[in-house]
Amino acid sequence: MRFLLVDPPHKIWTILRAWVPSPGCLQLLGYLEREQFNIDYMDCTLNENPWRDLEEKIRREKPDVIGISVICTAFIYDGMNAANLIKAVNPKSITIMGGEHPSFMAEETLRDCPAIDYVCVGEGEVTLKEFLRAVEKKEDLSKVLGLAYLNEKGEFVYTGDRPFIEDLDTLPMPAYHLAKMEHPYVELPSEGRRGLVVNFSRGCTWDCTFCSESAFYKRTWRKRSPKLIADELQLLKEKYNRDIFYIGDNTFNVTREQGIGFIEEMLKRKTNQHFWLQSRADLIIRDEDLLDGFRETGAYQFMMGLEYHADSVLKDIRKRHTVEQARKAMELLKKHKLMVMATLLIGHWEETEEDRKAFLKFFRKYVDHFGLNLITPLPGTPLFYQMKGQGRIEDLDYRNFDYLHAIMPTKEADNLEQVNLIYKDIMRRYYWRPRELLKLFSPNPILRHHHRYYITKVAFNIMMHEIFGKPMWVQPNYQEYKDYLVERGEALHERLRALVK
Ligand code: B12
Ligand code: SF4
């Protein structure tokens, strides 16, 4: 039986132009390979003609089962369109979709897109293995935990929660050999050419209301042990020449032991690699004595979800740190010569122009990288249900659920366009300051590189667009599915056209 895992054609992270294989897909593939399945992988984000190439591959190879990975809500329609195309080309291929969004919205996803046969709810490895075995042996799929589907009567069936894998160290190394690691697109240009995104833990023990990660992993946290992390980083250096990483673990040092273990292991290996890690303000304060150690391993930046400058808002979103802690954490990072990347959330209901002035004043003093986001009620999160209940979600086009588009109005800005303008205005006010432009000449090579990249490639492009109407940068190989269908002409019949998202 042949299984193909597809990362469907979707937009890359335009704001930093990060173009990397999905760590989740590579982990799934490594696991299935160890279980000796006949597997294949297609990361459509790297194809020059992604829809055409996907179509040709399905037509040529007719895989028995095709998995579609959707890691962001914003990609759900891309995943659905991939399923539609697959079924149009080979109706016999069984499709199964996985990822956070379809897990949370399994019934909606299945009803919205009949081309998806199954949804894997939750963590994928064991469910997918059991699913593929059951398909192979024609066994009863209702016995496979973690599956959702519509039965012959069209009723929604959920087979029950799949327990989490207890020990992530039992998972094999992600299947980097199946990714196109040498493809020229695969890089993190804002950080450096040989960049990559990796992931060594799952979940988080906090419960911020807007966080889909904590909801998906039910407020639990599991991690790979430092030795295996170091093995993976070393392999990436030696075999793939990768030396700068965005470590995607939402909260890297949930325990001190994890931080200490990482530092000890990486100092032993001396791989001369560089890391952008993520953490929380309270954990940075707790682990102040480890910050020099982190820097010596090659860590250059901590990204923290500092979100806002007012305790009332932090309380409202259950952030469980205070403004004072945020300030202290930023000061400590600076003191230990680590860069501060703050991810921030604006667009709160009560927010006023005065608040935004105070917000900018507070953060611009410390922040090296300004990760401005608009608060987004991601499906599955407490915020989503809360906002839905209050009727505040005004845009239900999931394409826009990327933290960069307004989804909800505020009390003051009662239409979404106004909120979008507020976002752009803050970006402008932050970046076009002499102090920010001076970073272009910073003695810190990583900061200098990042700013040169961001200001010259991204911000300048946006400014030229806004002032002179010059075209914005577009991902050269991204194509809307509907445009592909137009290009491809009459070949697809009406029924399938109607399903296009
Ligand atoms: C890697 C990553 C990226 C990469 C994506 C690369 C790629 N090719 O897809 C980059 C850096 C480009 C990226 C970009 C963005 N990302 Co991102 N990213 C991550 C990150 C750090 C790791 C994901 C991961 O690998 N997790 C580990 C694996 C094991 O988990 P997993 O992917 O969920 O996969 C498991 C299951 O879901 C399931 N599964 C997944 N696929 C499939 C398929 C099948 C068939 C089956 C059976 C099962 C299955 O099994 C897997 C293994 O158990 C997560 C944060 C995190 N720590 O999870 C955020 C995250 C996924 N990103 C997120 C977001 C919002 C974005 C952005 C919109 C930017 C932003 N503002 O933050 C952009 C999207 C760009 C755009 N076009 O709009 C959110 C998504 C929230 C949501 N529900 O939408 C997350 C959760 C971060 C967060 N907490 O906010 N991202
Ligand atoms: S601390 Fe970060 S990862 Fe943890 S629940 Fe809050 S937003 Fe999510």
Side-chain angles (χ1 to χ4, degrees), residues 3 5-7 10-28 31 43-46 65-76 78-79 95-104 118-129 131-132 146-147 164-165 168 171 174 179 186 188 197-217 219 221 246-251 254 278-283 304-305 307 317-321 343 345 371 373-374 376 378-381 398-405 475 478:
F3 172 71
L5 183 62
V6 174
D7 194 347
H10 61 73
K11 284 191 185 147
I12 61 156
W13 192 9
T14 329
I15 207 147
L16 287 186
R17 301 197 193 159
W19 217 322
V20 289
S22 148
C25 284
L26 299 187
Q27 188 64 80
L28 281 172
Y31 185 81
D43 175 354
C44 300
T45 66
L46 297 179
V65 180
I66 300 175
I68 301 167
S69 181
V70 171
I71 77 159
C72 293
T73 294
F75 305 159
I76 185 67
D78 301 310
T95 54
I96 175 166
M97 181 180 272
E100 276 188 10
H101 181 92
S103 294
F104 288 129
Y118 298 91
V119 165
C120 164
V121 175
E123 200 164 59
E125 287 83 354
V126 185
T127 303
L128 192 53
K129 172 184 78 177
F131 172 77
L132 292 175
L147 272 191
F164 293 136
I165 297 164
L168 292 190
L171 294 176
V186 176
L188 280 178
V197 180
V198 283
N199 193 270
F200 302 122
S201 68
R202 296 184 183 179
C204 176
T205 51
W206 279 263
D207 60 346
C208 308
T209 59
F210 57 88
C211 179
S212 59
E213 179 79 353
S214 159
F216 187 66
Y217 289 112
R219 219 180 155 179
W221 178 73
Y246 164 29
I247 299 194
D249 307 26
N250 276 339
T251 315
V254 168
Q278 306 186 95
S279 187
R280 293 177 42 93
D282 47 353
L283 299 183
M304 297 177 292
E307 324 303 359
I317 58 177
R318 279 208 300 264
K319 192 68 217 184
R320 301 188 196 278
H321 74 231
T343 54
L345 284 176
N373 292 310
L374 279 159
T376 301
L378 290 172
T381 61
Y398 290 137
R399 263 172 286 250
N400 293 334
F401 281 55
D402 60 357
Y403 286 114
L404 302 174
H405 291 84
Q475 184 180 332
Y478 181 73

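Read the numbers this way: they start at 1 and go in the same order the structure lists the ligands and their atoms.
- Residue Gln27 places no N or O, backbone or side chain, under 3.5 Å from any N or O of ligand 1.
- Atom 53 (O) of ligand 1 has Glu125 OE1, 2.8 Å as its closest protein atom, hydrogens excluded (heavy atom only).
- Less than 4.0 angstrom separates atom 6 (C) of ligand 1 from at least one non-hydrogen atom of the protein.
- Contact check on Asp249 versus Arg202 returns no salt bridge, with no Lys/Arg side-chain nitrogen under 4.0 Å from an Asp/Glu carboxylate oxygen.
- Note that CD1 of Ile96 and CZ of Phe131 are 4.5 Å apart. Values are rounded to the nearest 0.5 Å.
- Under the 30°/60° scheme for interplanar angles, the aromatic rings of Phe75 and His10 are found to lie parallel.
- The backbone and the side chain of Glu123 each have at least one atom closer than 4.0 Å to an atom of ligand 1 (non-hydrogen atoms only).
- Pro23 has its side chain out of reach of Val198: every pair of non-hydrogen atoms, C-beta onward, lies at least 4.5 Å apart.
- Heavy atoms of Tyr217 come nearer than 4.0 angstrom to ligand 1 in at least one pair.
- Residue contacts with ligand 1 include Glu100, since one or more of its heavy atoms lies under 4.0 Å from the ligand.
- Counting only distance, with no hydrogens or angles, the side chain of Ser214 and the backbone of Cys211 share no donor-acceptor pair below 3.5 Å.
- Within the structure, ligand 1 has Phe75 among the residues with a heavy atom less than 4.0 angstrom away.
- The protein heavy-atom contact nearest to atom 78 (O) of ligand 1 is Asp402 CB, 3.8 Å.
- Distances from ligand 1 to the non-hydrogen atoms of Thr45 include no value under 4.0 Å.
- The protein non-hydrogen atom at the shortest distance from atom 16 (N) of ligand 1 is Cys72 SG, 3.6 Å.
- Note that atom 48 (C) of ligand 1 has protein non-hydrogen atoms nearby, at separations under 4.0 angstrom.
- For a threshold of 3.5 Å applied to N or O pairs, the pair formed by Ile68 and ligand 1 contains no separation below that value.
- Taking 4.0 Å as the cut-off, Trp19 does not count as a neighbour of ligand 1 on heavy-atom distance.
- Separation of atoms CG (Leu128) and CG (Leu5) is listed at 7.5 Å; rounding is to 0.5 Å.
- A donor-acceptor pair is defined here as one N or O able to donate and one able to accept, closer than 3.5 Å; no such pair exists between the side chain of Glu100 and the backbone of Phe216.
- Shortest contact from atom 22 (C) of ligand 1 to any protein heavy atom: Asn199 ND2, 3.8 Å.
- Looking at atom 11 (C) of ligand 1, its nearest protein heavy atom turns out to be Trp13 CE3, 3.7 Å.
- In terms of polar-atom proximity, defined here as any N/O pair under 3.5 Å, Lys11 does make such a contact with ligand 1.
- If you check which protein heavy atom lies closest to atom 88 (C) of ligand 1, you get Asn250 ND2, 4.5 Å.
- Not a single N or O atom of Leu28, backbone or side chain, sits closer than 3.5 Å to an N or O atom of ligand 1.
- Counting heavy atoms closer than 4.0 Å to ligand 1, residue Pro21 contributes backbone atoms (N, CA, C, O) but none from C-beta onward.
- At the shortest separation from atom 25 (O) of ligand 1 among protein heavy atoms lies Gly24 N, 3.1 Å.
- Looking only at heavy atoms of the protein, atom 39 (N) of ligand 1 is closest to Gly99 N, 3.6 Å.
- Between Gly248 and ligand 1, at least one N/O pair is under 3.5 Å apart.
- For the atom pair CG (Leu374) and CG (Leu345), the distance works out to 8.5 Å, reported to the nearest 0.5 Å.
- Heavy-atom distances between Lys319 and ligand 2 reach below 4.0 Å in at least one pair.
- In this structure, atom 60 (C) of ligand 1 is not in close contact with the protein, since no protein heavy atom lies within 4.0 Å of it.
- With a 4.0 Å cut-off on non-hydrogen atoms, Ile12 touches ligand 1 through its backbone and not its side chain.
- The tally of protein N/O/S atoms under 2.8 Å from atom 4 (Fe) of ligand 2 stands at 1.
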- prompt: Should Asn199 and Tyr246 be marked as a side chain to side chain donor-acceptor pair (under 3.5 Å) after you check the CA-CA gap, both sets of side-chain angles, and the distance that decides it?
  reply: CA-CA 9 Å; Asn199 193 270; Tyr246 164 29; over 6 Å; no
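- Within the 4.0 Å heavy-atom criterion, the part of Cys120 lying near ligand 1 is the side chain and not the backbone.
- Comparing Ile71, Asp43, Ile76 by heavy-atom distance to atom 91 (N) of ligand 1, the nearest is Ile71.
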